[in-house]
Amino acid sequence: MSLNLNLNPSLLPQLGLNPKQMEAVQYFAGPLLILAGAGTGKTKTLTSKIALLIASGVSPSQILAITFTNKASQEMQHRVGKLVPYSGGMWIHTFHALGARILRQHGRLIGIKNDFVIYDSDDQKKLITLAMEELGLEAEKNKAPMYLSIISRAKDDLLDAQSYLINAQAVNDEARLKAAKIYHRYQKKLGEAGALDFGDLIVRMVELLNQNEEIRGYFQENFQYILVDEYQDTNHAQYVLVKTLSAKHKNLCVVGDPDQSVYGWRGADIRNIMDFEKDFPDAFTVVLEQNYRSTARILHAANEVIKHNSNRRPKNLWTKAEEGEAPQVLEYANETDEARGIVDEIKHLTARGPLTYNDIAVFYRTNAQSRSFEEACRNKRIPYRLIGSVRFYDRKEVKDVLAYLKLLTNPADTISLLRVINLPARGVGKTALDHVTAYSRQKEMPLYDALLSCEQVPEITNTARRGIKEFLDLLEGVKADLFSATPSAMLANILEKSGYWRMTEDLAEKEPQESLARLGNLQELVNAVKEFEENCVREGVAPTMHKYLEEVMLSSQVDKLNTDTHAVTLMTVHLAKGLEFPAVFLTGLEENLFPINAGNSSAEEMEEERRLAYVGMTRARQRLFLTWAGTRRVYGTTYPCLASRFIFESKVARETAPRPGEEDVQVLTSYQPPPSMPRVGKGRRIMHPVHGPGRVVDQIGSGELAKVTVVFDSGVRQTFMLKYAPLQPI
């Protein structure tokens, strides 16, 4: 135990911990690795550890806890508050929220103004498109999502634009050199807009700590105890940040499970948790294996699947709970029958009780699979909630109004300005904006300043000038109340004075249903701002517009999972992480779908697919169904499917049986997975069901992001997302 910490044992009896959890909670002698299997009470262990620190006299402000979602952060604060009375002050944040907080306070030291806005992926794509236009790459604007992915991964690896360019020059790769130019211009435009993207919130924080010894020393001294949840999902930049902050006291506790590392495609590096004991040779390790979520049979099936991975730490989940019902494997003729059959099964489960629609989740590997399940639910009049579709804050009318609010806090925000300057219509069309934009580049001034000087732009019409003046007067008038009015008052002001509310009401004459939906979303936005203000009052902090916009931008899709209404939950397996349901349907378990692109996956990619299946299985508390379809339609063509290797690895197929009277449901009893198909890489001959034979001439990326360009024997040249393309090696 740390010499400067005298533990207060009075809290321990009321924590209700098992021996392994207790061991982890009481260890404070340096680095600690908690390998916490699914459902083993890691949140309880973390919150108990934090509560024990506070009860033992450690100031909450000297504790930093890092989570991966706002929901987890709020849950942790709530649980700690129930265990020990404290007045707040503890740093419980997501990585991005931590970066935003520190950069707001100290970012000026590296040239970041404290009124910066945060760009989401939609804003980023638009800014990349503008950067490509400036570079004369308009013809490639449809590749903006690909370049966004490249730039995001570079930032995950702490590669700024210059470093990325040096790497590209070293390998003399034309595609990378082009990406480097776009990255450099994109970053320049971010600076001009006074904006940071999600990657910047980590990268610039690391830059601040590296460049400023005083700031680095302050935070290293202040954070005496650092706890990081979901450590298996950290990327390189986050790894460096954690190591930097914990360098002085070395009281670093990381919690995670290599078996649940499923975000490699977006930068997570499983080596961070696998190599923790190499990074910290004096680290102590505790393994949590007692599961409090699932029945024994569900755990047995999940254990059987994950043990086929070689890159893992041995761990075997067990429970004192009942054996429970065996997981079931259900085979259907096609994806339509699969969806209908699952919906019938859901009706059967809820009819006999005690399960309700709220207790049931349907997981799938790709977003595209949701369509058949949505249609089946609608046909059978079963209510459902779709997680991962357009979230509330991404809906057009909500983003429009948020753009107005962002401009009030930061007029340099180019993307927000372009979004709403002519919304509602003010006569400021594309031609006028092109002229003003050209003027701003010529004078090297922000676009907002160029609008203020629009009289100096002779090419624009008087109508456009009047519209620009109307827009600027609106913003300046409302902005005058930025530091005195509440966010909800400013929102109401914008909705009225901009004419946006009236414009939405006027839509009712042409599209009454659309107008009603949009007005409902605007009203819900007002409610959300009011709720934010009430939360701020409870927390004793001022409800500012800056703070509200930051919360919005850093919220995730599952933070607002609403279970107030009874409905079946539909979601991808990736989004299911951290959740649990009494009954789970893990669907589409077929080779090349789940695992995705099986014939072209590397060993590492296949292990991540298996971890994803393991995550899906361990979300189930009482009932687990593994389903697959004998055929599936791809690009309008029906293909035969092979059952996923994960079904057979689970060893549950031989134990299951269909319910009497359901002839379309079969039981899979025997199967030998085929050997892996040859990789469809550059230079390979392939066959396409429509275009015929051809050759792969280029490949970009890997895994889910892999794209291949094929020149067919017919002369047709086409690029495919490899995970969807029906390409067969010849």
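Hydrogens, waters and symmetry mates play no part in the numbers below; they use all other heavy atoms, side chains included.
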- Query: So, Thr43 versus Glu75: side-chain donor-acceptor pair below 3.5 Å or not?
  - Reply: no

- Query: Under 4.5 Å between any side-chain heavy atoms of Lys42 and Gln21, yes or no?
  - Reply: no

- Heavy atoms, side chains only, cut-off 4.5 Å: are Met490 and Val529 in contact? no

- Query: Is the Lys NZ or Arg CZ of Lys49 less than 6.0 Å from the centre of Phe28's six-membered ring, within 45° of the axis?
  - Reply: yes

- Looking at side-chain heavy atoms only, is the closest gap between Arg385 and Leu570 below 4.5 Å? no

- Query: Would a 4.5 Å heavy-atom cut-off, applied to side chains only, mark Thr45 and Val255 as touching?
  - Reply: no

- Task: Please examine the side chains of Phe116 and Arg104, heavy atoms only from C-beta on, and report whether any two atoms are closer than 4.5 Å.
- Result: yes

- Query: Just by distance, do the side chain of Arg176 and the backbone of Asn167 share a donor-acceptor pair under 3.5 Å?
  - Reply: no

- Item | Pair Tyr500-Asp400, side-chain donor/acceptor within less than 3.5 Å | yes

- Message: Please find the pair of heavy atoms, one from Val242 and one from Ser246, that lie closest to each other, and give the distance.
- Response: O-OG, 2.9 Å

- Does any non-hydrogen side-chain atom of Glu192 lie less than 4.5 Å from one of Lys188? yes

- Task: Answer yes when Lys547 and Glu550 have at least one side-chain N-carboxylate O distance shorter than 4.0 Å, and no when they do not.
- Result: no

- Task: Determine whether the side chains of Asp160 and Ser163 contain a donor N or O and an acceptor N or O closer than 3.5 Å.
- Result: yes

